[in-house]
Protein chains: 2
Amino acid sequence: MKQSKQKRKQDLVETIENNPFITDEALAKRFSVSVQTIRLDRSELGIPELRTRIKQVAETNHDDVKALTNEEIIGEIIDLQLDETAISILDIHEDQVFTRSGIARGHHLFAQANSLAVAIINDEFAVTGRANVRFMRQVQAGERVVAKASVTKKSDDWPVITVNSYVDQALVFKGEFVMSRG
Amino acid sequence: MKQSKQKRKQDLVETIENNPFITDEALAKRFSVSVQTIRLDRSELGIPELRTRIKQVAETNHDDVKALTNEEIIGEIIDLQLDETAISILDIHEDQVFTRSGIARGHHLFAQANSLAVAIINDEFAVTGRANVRFMRQVQAGERVVAKASVTKKSDDWPVITVNSYVDQALVFKGEFVMSRG
DNA sequence: CTTTTCTTATGACTAGCTGCTAATCGTAGT
DNA sequence: ACTACGATTAGCAGCTAGTCATAAGAAAAG
């Protein structure tokens, strides 16, 4: 069935969206137009060719370079006394755990604690110098991690922050962060 | 470096397994043999061509709810000998640094090293038990961090992995990870 | 009836293969 | 030394699913 160019383009986008594995030839048959017309439409719509599309689908879930959340702070700070204590919460999401075991990847707990340690120091250029961490118990997806930080050694050069993270009442993470002023 | 056919075939399987997006030409270069040899090896091993491989990857995680082969890794692993050594690279992006100082937030370096430590252990349920890390030098946006991991203590219960990360030749991160098998 | 837009056709080119045949290399056995 | 053998390399036709550029024909709009 022949349709208007507008309509065909709309349908084309939809069709490809829910079946990225379709070739131009198949599309041509489906819309009763020539392959060339499909190519024209695709180029006008900025839709890449089949192989590129497949690759994109493959990459979205295979891509190794998975970044951590791009927020300045991992977790939500709910209490903060500068240079004293701080508390943050982090809800462990489905994609922060190992798909096989369902256990939260360690670096997320580290990131939460590290963020908190940085936040507690009243300095614009505070960075972590050293850290000593321990994962006490595995955390599952859906659990809420509460991190409690306190400055255990006040020093302008090397303040030390201790972070304890809990799920309910259970200690899941212990960390000691030695900071440095940038 | 030339190797025996057996060894090459083994390496070929591994290489393709953790990077299905590699062409025969690239493989030929990597193993210092001709493209024809790679094709021969592939056909003997029953490994399909690039496009088919990509399609398989795309398909398995298109209709798949629970992907098992999902390697959640921060950074790109460029070399891996299970239970021995591993190397990964991570390009520090604009939004992985503190907006004020431009210094990479520590947990990204930790995440890279932690991922590598998990990957090196030949176990589906390996998790980090303890870690001792040190940030030697600040890393700026745009810099490429190369993490080198090696198993320093082989143990079924508590293997220890040492990770050293470099920017150019400079050591920027040192970490010791004590793993536990889930 | 023109003009413009749309559609289709054509030819030349590409990557990354397959499948086949033929030649060469190095090593080992007799 | 000769030969046999496995491993390697080379070359070529053909394939898919495209690319780009150009041109010509059809349909719609002015």
Side-chain angles (χ1 to χ4, degrees), chain A residues 1-65, chain B residues 1-64 67 69-71 76-81 89:
Chain A
M1 344 148 172
K2 295 241 176 186
Q3 319 151 316
S4 77
K5 193 179 180 178
Q6 234 85 22
K7 179 88 174 79
R8 191 188 56 233
K9 275 192 179 178
Q10 255 186 293
D11 288 6
L12 193 76
V13 175
E14 270 181 57
T15 308
I16 292 176
E17 226 154 62
N18 63 44
N19 177 203
F21 303 91
I22 194 165
T23 63
D24 285 359
E25 217 184 330
L27 286 163
K29 268 185 193 161
R30 165 170 295 205
F31 294 109
S32 309
V33 291
S34 72
V35 187
Q36 286 78 3
T37 305
I38 296 295
R39 312 243 226 249
L40 212 85
D41 288 353
R42 270 204 300 103
S43 93
E44 279 170 13
L45 290 160
I47 300 170
E49 60 163 302
L50 174 69
R51 278 152 184 167
T52 312
R53 267 161 12 222
I54 293 178
K55 210 173 176 185
Q56 278 170 4
V57 174
E59 266 166 356
T60 44
N61 229 339
H62 184 273
D63 200 4
D64 294 335
V65 195
Chain B
M1 336 144 179
K2 294 242 178 187
Q3 320 151 316
S4 77
K5 195 180 179 178
Q6 234 82 24
K7 177 89 175 80
R8 192 188 54 233
K9 275 193 182 181
Q10 254 185 291
D11 289 4
L12 193 75
V13 175
E14 270 182 57
T15 307
I16 292 176
E17 227 154 61
N18 65 43
N19 176 203
F21 302 91
I22 193 164
T23 64
D24 285 0
E25 216 185 328
L27 287 163
K29 267 186 194 158
R30 165 171 296 206
F31 294 109
S32 308
V33 292
S34 72
V35 187
Q36 287 77 5
T37 305
I38 296 295
R39 312 247 226 249
L40 216 84
D41 288 353
R42 269 202 303 104
S43 92
E44 278 171 14
L45 291 161
I47 300 171
E49 60 160 307
L50 172 69
R51 279 153 185 166
T52 313
R53 275 172 352 235
I54 293 178
K55 211 175 175 181
Q56 278 170 4
V57 173
E59 268 166 355
T60 47
N61 64 44
H62 197 244
D63 50 38
D64 211 15
T69 46
N70 211 340
E71 303 264 304
E76 197 188 341
I77 293 187
I78 53 167
D79 187 47
L80 178 69
Q81 260 96 47
I89 53 172

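Residue numbering restarts at 1 for every chain, and letters A, B, ... go by the order of the sequence lines.
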Please state how far atom [atom1] in [X] lies from atom [atom2] in [N], giving the value in whole angstrom units.
X       : N      : atom1 : atom2 : value
B/Ile22 : C/dG16 : CD1   : P     : 12 Å
B/Leu50 : D/dA17 : CG    : C1'   : 14 Å
A/Arg39 : D/dT22 : CZ    : C1'   : 16 Å
A/Glu44 : C/dT8  : CD    : C1'   : 14 Å
A/Glu49 : C/dG16 : CD    : P     : 11 Å
A/Ile47 : D/dA17 : CD1   : C1'   : 16 Å

Residues two or more places apart in sequence or in another chain: which of them pass side chain to side chain donor-acceptor pair (under 3.5 Å) with [X]?
X       : value
A/Arg51 : none
A/Gln10 : none
A/Asp41 : A/Arg8
B/Lys29 : none

By side-chain contact (heavy atoms from CB on, under 4.5 Å) - contacts of [X] (at least two apart):
X       : result
A/Thr23 : A/Glu25, A/Ala26, A/Leu50
A/Arg42 : A/Leu12, A/Ile16, A/Asp24, A/Arg39, A/Ile47, A/Glu49, A/Arg53
B/Ile89 : B/Glu76, B/Ile78, B/Arg144, B/Val146

Touch class at under 4.0 angstrom, heavy-atom based, for B/Arg53 against every strand present: nothing

For nucleotides 11-16 of chain D, print each protein N/O atom paired with a nucleotide N/O atom at under 3.5 Å, atom names and distance only.
from, atom 1, to, atom 2, distance (Å)
D/dT16, O2, A/Arg51, NH2, 2.8

Contact pattern, 5' to 3', of nucleotides 24-30 of chain D - B, S or - by protein heavy atom under 4.0 Å: -------

Results of salt bridge (Lys or Arg N to Asp or Glu O under 4.0 Å) for A/Glu44 - residues two or more places apart only: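 In terms of salt bridge (Lys or Arg N to Asp or Glu O under 4.0 Å), with neighbours along the sequence ignored, A/Glu44 is linked to A/Lys5, A/Lys9.
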
Atom pairs under 3.5 Å, N or O on each side, protein against nucleotides 24-27 of chain C: can you list them with distances?
none

Nearest-nucleotide pick for B/Arg42, side chain only, options being C/dT7, C/dT18, D/dA10: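 In terms of side-chain proximity for B/Arg42, the closest of C/dT7, C/dT18, D/dA10 is C/dT18.
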
